[in-house]
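Since we're looking at a predicted model, the values are computed, not measured. For the numbers below, each heavy atom of this structure counts, side chains included, while hydrogens, waters and symmetry mates do not.
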Amino acid sequence: MRLETEKSLGEINESIDVSSKKSAWRRVIAFLGPAYLVSVGYMDPGNWATDIAGGSQFGYQLIWVLLMSNLMALLLQSLSARLGVVRRRDLAQCNRETYPRNINFVLYALAEIAIAACDLAEVLGMAIGLNLLFGIPLLWGVLITFVDTLLLLYLQHLGVRKIEAFIIGLVAVIGGCFLVEMFFARPDLGALSKGFIPSIPNHTALYIAIGIIGATVMPHNLYLHSALVQTRKIKRDEKNIRKAIRLNILDSTIALNAAFFVNAAILILAAAVFYTSGNQQVASLNDAHELLAPLLGNEWASHLFAIALIAAGQSSTITGTLAGQIVMEGYLRMRISPWMRRLLTRLLAIVPAVIVIWISGEEKVEELLIFSQVLLSMQLAFAVIPLIHFVSDKIKMGVFAINTITQITAWIIAGIIVMLNLKLVHDSAYSALQSTESISLKAIIILGEIALIVLLLITIIYPLIIKRKAATETIHNAPPLEALDQIQTQPFNKIAIALDYSDKDIIALQYALQLARPDTVLLLIHIVESASAKIRGDETDDLETEQDKKILEQYANLLQHKGYTTETQLGYRNRSVAIAAIVKEHQANLLILGSHGHEGWRDMLLGETINKVRHLVSVPVFVAK
């Protein structure tokens, strides 16, 4: 087995040192957080329609379905957390290392479609919420959701704990809104308690129950959770790993119970308000919002519903983008800037929403919301099945592999979820076949369904029949000790130092001199950033260019007096591209950059030279702080 070195969510991986907390209580608190980011996927706008339909048509009778689906989700998310804690790999990375390349590409494509579909539901949910609360047209509401790209980027610069705090705040807003709604609605507690006794009144109730379960477990959450738990740095011994697993299960239990409360509150609200008043046809978000105020006699009932919907959409969109980063880096080993990642994810959601609203009108939005849930259902099996395979593998998981009872329970849950979701996909395909006369379109639909089943069988069978390679990977991933004898040190023949004529230059040069040998050449680089230089490049001859050249020569002269060999080179236009080009042209084998330490909005405003340059060069980059 080839050992991998890349880390999931590398920017924040092991960024929280749990062992550094002095008190036991603080160490426990430090573990809590990842599951809250995951939990928002269980209360996103895509779940609301099924909860409203279940409550308005059958009262409290289907609340047991919500509880059962929550228990299913709790087990699967705990398995996802276990995978990340023990193997320090996320689900996408494990898939890449297990399945053939072609299968992995299909799994990657399905995962990206699922994330785009989830983001579509969140975009529509926020747009509907803005429409209900402020009367903003849905088309404008969809376009407004594009602005939250700035919010996510800002939160990412602040660190993972700030993201978790923001999400917890939004979850509190959602829960608070529905707590007040419960006060307005005054549900029948006796009838509510009977709803926890399993029963399916009729075929329609069964269909809604399938929808509730199908909309509960989100595939991108399994990728997300296996990566987020790795933000905690723990000691890699058996005792601390077991403790981390227990605390992550606790984190999942608290967070997913909060999600259960929200989903149950939506169903209870629909039952207490619509079912008891005879409005059993209510199934859409718009209808629910319009009827809440007159039926409860309080206009705040409708306002709180819309506020909770906006908060649900905003919280889910942040976690969807993180999941997109995990999937792309895990399957493809490819990183793109947070700006581009967020832009692509949001455009994939906004473009179809804008097209549908523009062509078909706002009345088609609910259908688009349902379609997004069908797309999510298609991908779910391809996340759940590999996850169970991986956490059951005693070779890779060692003593932390799940026991037989847990395996049986997980496979039963996987079977239920897969069958229900396949039924949803089949029903959607059947409806599409009935509504079209095009033979070619029918052939595409049938072939697509067959391909989905074949891929599902490969996903199930391949890990079972593949001939296991010699297990060279251990829990600690330690290299063989004899490899240390074969390490050969290579001197840096030419060290490039990027200078910006600030006090950070002294620090960068200090490290360069420490790393340099007597025969090392120091390549001094400065990028001219005058308006003329950005336009004319190396043809510019303005005053700033002349001054920059003189200062660079002064640096070189001082270093030459100390006995070092130097070269100088000015660059123009784009800082990152110019630095990378100079390093390549002069064949430097180390680049030193000074860190300015700015973050947050200043990082966005002033630029991120270091992050951009390190992706453009093939030599090591040393950041001097």
Q: Please report the shortest heavy-atom distance between Val384 and Ala414, naming the atom on each side.
A: CG1-CB, 3.6 Å
Q | Heavy-atom pair of closest approach, residues Leu456 and Ala381 | A | CD1-CB, 3.5 Å
**Q.** Mutual orientation of the aromatic rings belonging to Phe260 and Phe196 [parallel < 30°, tilted 30-60°, perpendicular > 60°]
**A.** tilted
**Q.** Approximate separation, where rounding is to 0.5 Å, of Ile136 CD1 and Ile128 CD1
**A.** 13.5 Å
Q: Measure the shortest side-chain to side-chain distance between Leu170 and Val40 over non-hydrogen atoms and say whether it is less than 4.5 angstrom.
A: no
Q) For Ala127, does its backbone N or O pair with a side-chain atom of Asn131 as donor and acceptor, under 3.5 Å? A) no
(Q) If you apply the rule side chain to side chain donor-acceptor pair (under 3.5 Å), what do you find for Asp237 with Asn240, and how did you get there? (A) CA-CA 6 Å; Asp237 57 76; Asn240 282 283; 2.9 Å; yes
Q. Would you call Glu329-Arg89 a salt bridge at under 4.0 Å N-O?
A. no
Q) Under the side chain to side chain contact (heavy atoms under 4.5 Å, CB included) criterion, do His220 and Val327 qualify, and how do the steps go? A) CA-CA 9 Å; His220 73 279; Val327 165; over 6 Å; no
Q: Decide side chain to side chain donor-acceptor pair (under 3.5 Å) for Asn95 and Tyr331; before the verdict, give the C-alpha distance in whole Å, the side-chain angles of both, and the deciding distance to 0.1 Å.
A: CA-CA 7 Å; Asn95 276 339; Tyr331 278 113; 2.7 Å; yes
Q. Any idea which heavy atoms bring Ala209 and Val65 closest together, and the distance?
A. O-CG1, 3.8 Å
Q) Which heavy-atom pair separates Met182 from Pro187 by the least distance, and what is that distance? A) O-CD, 3.6 Å
Q: State which residue, out of Thr409, Thr404, Asn403, fulfils the side-chain hydrogen bond (donor to acceptor under 3.5 Å, both in side chains) condition with Thr406.
A: Asn403
Q | Trace of the side chain to side chain contact (heavy atoms under 4.5 Å, CB included) decision for Ile234 with Phe31 | A | CA-CA 10 Å; Ile234 62 172; Phe31 272 103; 3.7 Å; yes
**Q.** Check against side chain to side chain contact (heavy atoms under 4.5 Å, CB included), His303 and Cys177
**A.** CA-CA 9 Å; His303 295 338; Cys177 287; over 6 Å; no
Q | Side-chain touch Leu91/Ser80, heavy atoms, less than 4.5 angstrom | A | no
Q: Give a yes or no on whether the backbone of Phe305 and the side-chain of Glu181 come within a donor-acceptor separation of less than 3.5 Å.
A: yes
Q. Does any donor atom in the side chain of Tyr42 or Gln77 lie under 3.5 Å from an acceptor atom in the other side chain?
A. yes
Q.
Within the structure provided, determine whether Phe261 and Leu179 are in side-chain contact (heavy-atom separation under 4.5 Å).
A. yes
**Q.** Verdict with reasoning, Val399 to Arg242, per side chain to side chain contact (heavy atoms under 4.5 Å, CB included)
**A.** CA-CA 10 Å; Val399 296; Arg242 288 194 184 279; 3.8 Å; yes
Q | Any Leu304 side-chain heavy atom under 4.5 Å of Phe178 side chain | A | no
(Q) Quick one, Arg236 and Ile241 - any side-chain contact, counting heavy atoms below 4.5 Å? (A) yes
Q.
Taking the side chain as everything from C-beta on, heavy atoms only, tell me whether Arg82 gets closer than 4.5 Å to Ser226.
A. no
Q | For the student: nearest non-hydrogen atoms of Leu62 and Gly54, plus distance | A | CD1-CA, 4.2 Å
Q. Taking NZ, NE, NH1 and NH2 as the nitrogens, is one of them in Glu97 or Arg87 under 4.0 Å from a carboxylate oxygen of the other?
A. yes
Q) Considering all heavy atoms of both residues, which atom of Asp51 and which atom of Ala270 are nearest to each other, and what is their separation? A) O-CB, 4.4 Å
